[in-house]
J.: 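Structure provided below as structure tokens; questions to follow.
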Number of protein chains: 2
Amino acid sequence: MDRERLPGRRRTRQLEVVLEAVRDSGVEHPSADRVFERVRCVLPRISLGTVYRNLQRLAAEGQIGAVDVAGRSTRYDPTPHEHDHFICRICGRLDDVPVTRPAAGLRAASRAGHLVTSHALLLRGVCRDCRRSATSP
Amino acid sequence: MDRERLPGRRRTRQLEVVLEAVRDSGVEHPSADRVFERVRCVLPRISLGTVYRNLQRLAAEGQIGAVDVAGRSTRYDPTPHEHDHFICRICGRLDDVPVTRPAAGLRAASRAGHLVTSHALLLRGVCRDCRRSATSP
DNA sequence: CTCGGTGCAAAGGGTTTGCATACAT
DNA sequence: ATGTATGCAAACCCTTTGCACCGAG
């Protein structure tokens, strides 16, 4: 949101390194804390607050994705294009899955007069590895 | 979850009143705080901790629904059957919408070997009333 | 009588914010 | 030079938890 009014956004080293950390995270979908760890290897004096501020800014600008997970901390995603997620309720592993267009919900919302600007679907369950260790201990 | 093994769950007045408060909340989808307010009219000495404990228990038993909203507090839903939600990012109004079966995501998750046990879809946007006050101030 | 539930208050975790300083523009 | 971004630490919000007492079974 507020992607439009960006008067004097400055490009700092911290911003670059945070973006790079998310982009280089592969399928990990790191939390702010994890990003902080990674970034500290490059900029040992960066603060957690700055990491949060930059993650927020990058997400608002659409350069990265932010995945909200109930009860756990927000996870960040190098892939900003629209897609859904699966999270393992045992180990917290977060996977991308293809987006499902919520046709019925969208119809209902606009029928009610609401404007829908985004949607997020989260699948919950037990990942392959956690199923394995649960069945053969 | 854990609906089965409930050895000595006791039925207390507090539990009853919390359940009733959620059931009587109509379309409000109250937060724990709101439930606390409502319940206090009946049991002035109840504590917020007890409200949280009972909401958690009722949701675990499937008697009420819990809707996790990114960045905001959890909202509770008298309707436990499966459905999705729309939330207004301006005023926080939360509406029920019909469930959308996330076919593509489910397929991808099971192809990856994961077991999906539930899914939650949240539509975000601006509700009718907030659109109105935005366009004609 | 038992032991699960309660009230209270304090702790918890993730995230945000106020402030003086540093630095991109 | 101007004012945004930073580092630091404290504050914040929602939720959970430890403990002694209470009360449902």
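In what follows, chains are A, B, ... by sequence order, proteins preceding strands, each numbered from 1.
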J.: Assign D33(B) to base, sugar-phosphate, or nothing according to its heavy-atom contacts below 4.0 angstrom with the strands shown.
T.: nothing
J.: If you only use heavy atoms from C-beta on, which nucleotide in dC8(C), dT6(D), dG14(C) is closest to the side chain of Y52(A)?
T.: dG14(C)
J.: Look at the side-chain N and O atoms of S73(A) and state whether any lies under 4.0 Å from the OP1 or OP2 oxygen of dG14(C).
T.: no
J.: Within less than 4.0 Å of OP1 or OP2 of dT15(D), is there a side-chain N or O belonging to Q56(B)?
T.: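 False: Q56(B) side-chain N/O out of range (4.0 Å or more) of dT15(D) OP1/OP2.
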J.: Can you say whether a donor on the side chain of R53(A) sits under 3.5 Å from an acceptor on the base of dG7(D), or the other way round?
T.: yes
J.: Would you say the base of dG4(C) and the side-chain of R11(B) have a donor-acceptor pair closer than 3.5 Å?
T.: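 No such pair is found, so the answer is no.
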J.: Take Q14(B) and G49(B), find for each the nucleotide of DNA chain C with the closest heavy atom, and name the residue whose nucleotide sits nearer the 5' end.
T.: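 Taking each residue's closest nucleotide, the earlier one in sequence belongs to Q14(B).
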J.: What does R13(B) touch in the nucleic acid at a heavy-atom separation under 4.0 angstrom: a base, only the sugar-phosphate, or nothing?
T.: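 The residue R13(B) makes no contact with any strand.
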J.: Check whether any side-chain nitrogen or oxygen of T50(B) sits under 4.0 Å from OP1 or OP2 of dG7(C), and answer yes or no.
T.: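 For T50(B), the contact criterion (side-chain N or O under 4.0 Å from OP1 or OP2 of dG7(C)) is met.
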J.: Report yes or no: do D84(A) and H119(B) form a side-chain donor-acceptor pair below 3.5 Å?
T.: no
J.: Using only atom types and a distance under 3.5 Å, with no angle test, would you say the side chain of R93(A) pairs donor to acceptor with the backbone of C88(A)?
T.: no
J.: Quick check: closest heavy atoms across R101(B) and T100(A), and the distance to 0.1 Å?
T.: O-CG2, 3.9 Å
J.: Separation of F36(B) atom CZ from dA9(C) atom C1', in whole Å?
T.: 13 Å
J.: Report the distance from atom CG of L55(A) to atom P of dT15(C), rounded to the nearest whole Å.
T.: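 Atom CG in L55(A) sits about 10 Å away from atom P in dT15(C).
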J.: Scan T74(B) against the nucleic acid and name what it touches under 4.0 Å (heavy atoms): base, sugar-phosphate only, or nothing.
T.: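 Counting heavy atoms under 4.0 Å across all strands, the contact made by T74(B) is with sugar-phosphate only.
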J.: How long is the line joining CD of E16(B) and P of dG5(C), in whole Å?
T.: 14 Å
J.: Looking only at side-chain N and O atoms, does S25(A) offer a donor or acceptor that is under 3.5 Å from a partner on R34(A)?
T.: no
J.: Hey, does the side chain of R57(B) come within less than 4.0 Å of dG5(C)'s phosphate (OP1/OP2), counting only N and O?
T.: yes
J.: Return the value, rounded to whole Å, for the distance between atom CG of N54(A) and atom C1' of dG7(D).
T.: 13 Å
J.: Rounding to a whole Å, what distance do you find between I46(B):CD1 and dC22(D):P?
T.: 17 Å
J.: Looking at T12(B), I'd like to know whether one of its side-chain N or O atoms comes within less than 4.0 Å of OP1 or OP2 on dG23(D).
T.: no
J.: Checking only heavy atoms, does the side chain of R10(A) share a donor-acceptor pair with the base of dG3(D) at less than 3.5 Å?
T.: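 Between dG3(D) and R10(A), which were checked side chain against base, a qualifying N/O pair under 3.5 Å is present.
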J.: Assign each of L43(B) and D68(A) to its nearest nucleotide of DNA chain C by heavy atoms, then name whichever residue's nucleotide is nearer the 5' end.
T.: L43(B)
J.: Base, sugar-phosphate or nothing for L48(B)? Non-hydrogen atoms, less than 4.0 Å.
T.: base
J.: Assess, by modelled atom type and distance only, whether the side chains of D96(A) and H29(A) contain a donor and an acceptor separated by less than 3.5 Å.
T.: yes
